[in-house]
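Working notes, structure below.
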Amino acid sequence: MDKILKVNDLSVSFDTYGGEVKAVRGVTFELKEKETLAIVGESGSGKSVTAQSLMRLVPMPPGKFTGGSIEFNGENIVEKSEKQMESIRGKDISMIFQDPMTSLNPTMTVGKQIAEGLIKHQNMSKKEAYHRGVELLKLVGIPNPEARIKQYPHQFSGGMRQRAMIAIALACNPKVLIADEPTTALDVTIQAQILDLMRELQDKTGTAIILITHDLGVVANAAHRVAVMYGGKIVETGTVDEIFYNPKHPYTWGLLGSMPKLDGGSEELQAIPGSPPDLADPPKGCPFATRCPYAMKVCEDHMPQYTEVSASQKNACWLLDQRAPKVDIPDTAIVGGTKVHG
Ligand code: SF4
């Protein structure tokens, strides 16, 4: 599969009264056609800023790019003007958000909101855009789309609003869809339906998806690959199977330990004690060192480099250094009962 997006050593900061907050610190990843990459991490890990940067939605100032590039269609998004971005947003790269009410316009019918992009980017007439809108609402599973297209967002349920937002985001057949916590505000049943819908639509349209979430549980059936972010950095990346069945980073172990077990096992959920680092004054060593039960002296002083665990799995942790003590994956992080040695 071809790579359609290549993020290379991207850094994004914010100027604040408390100093420069380095929200994203040298993030590198690729996205291939038709794949879903999940970017997972706690709040403040830099995952949403990374996602917003891809569409240049980070307000600048106070935000600023401090290094790296975002290659899309052979061009660097970081260097685009605001005007150039207008023709990319919604057409080539689209985004759906956690709360459709904040991104849908309450004063416009859903139909008008779908038609806007089609008229602007696809040169459709109003009539053509209306017909395409009905098709799109049908595609995302909204019953009676001919009537629904004339309604306002407040006349839709939460799940239907999210479906309508997906219809708007997919209207122009974008190459990349960024979904920022798309199911967090929904109840569990609707969550599963929306994730199923995204997968179905990906099969039909081939759109590549970046799924931003704090919840590893959401990732299991929804993504092909996972990038785990912490303290503005990607600390581990791999296929879904590698991250769930052979995780190597203590932070990933912590995230897995804080997931409800599928077998309903009796083990209690393990929240990761402590709080994320202050990115106005980031640590010079591993960002997880203050919370990591396995931290060594070297972790505090030196940033771990990436080690290739396999062709698809990479990890930034000193435990993978040959001189480090051997540490087993804790029982709380074991998914499916198979213990793989760390
Ligand atoms: Fe823990 Fe050290 Fe690995 Fe960081 S580098 S996760 S502190 S063992």
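Read the numbers this way: they start at 1 and go in the same order the structure lists the ligands and their atoms.
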Please say which of Leu54, Leu10, Val7, Ile88 ends up in a side-chain contact (heavy atoms from CB on, under 4.5 Å) with Ile77.
-> Ile88
Look up atom OG1 in Thr207 and atom CD in Glu33, then write down how far apart they are to the nearest 0.5 Å.
-> 10.5 Å
Taking only heavy atoms of Leu319, which atoms of ligand 1 are found under 4.0 Å from at least one of them?
-> 8 (S)
For atom 3 (Fe) of ligand 1, grab the closest protein heavy atom and report residue, atom and distance to one decimal in Å.
-> Cys317 SG, 2.3 Å
Quick one: which ligand 1 atoms are inside 4.0 Å of a heavy atom on Cys286?
-> 4 (Fe), 5 (S), 6 (S), 7 (S)
What's the shortest heavy-atom distance between Thr252 and Pro247, and which atoms?
-> CG2-CB, 3.8 Å
Answer whether the closest heavy-atom distance between the side chains of Lys22 and Phe14 falls below 4.5 Å.
-> no
If we number the atoms of ligand 1 from 1 as shown, the ones under 4.0 Å from a heavy atom of Tyr294 are 8 (S)
For Lys233 and Val27, which heavy atoms make the closest approach, and how far apart are they?
-> CA-CG2, 4.3 Å
Atom 6 (S) of ligand 1 sits nearest the protein heavy atom His249 CE1, 3.5 Å
Would you kindly check if the NZ (Lys) or CZ (Arg) of Arg148 is within the cone defined by 45 degrees around the ring axis of Phe156 and under 6.0 Å from the six-membered ring centre?
-> yes
From atom 2 (Fe) of ligand 1 out to just under 2.8 Å, does an N/O/S atom of Cys299 turn up?
-> yes
Does Cys292 bring an N, O or S atom to within less than 2.8 Å of atom 1 (Fe) of ligand 1?
-> yes
Which heavy atom of the protein is the closest neighbour of atom 5 (S) of ligand 1, given with residue, atom name and distance?
-> Trp318 N, 3.2 Å
Taking only heavy atoms of Ala295, which atoms of ligand 1 are found under 4.0 Å from at least one of them?
-> 7 (S)
Taking the side chain as C-beta and beyond, is there a heavy-atom pair between Phe29 and Thr50 under 4.5 Å?
-> yes
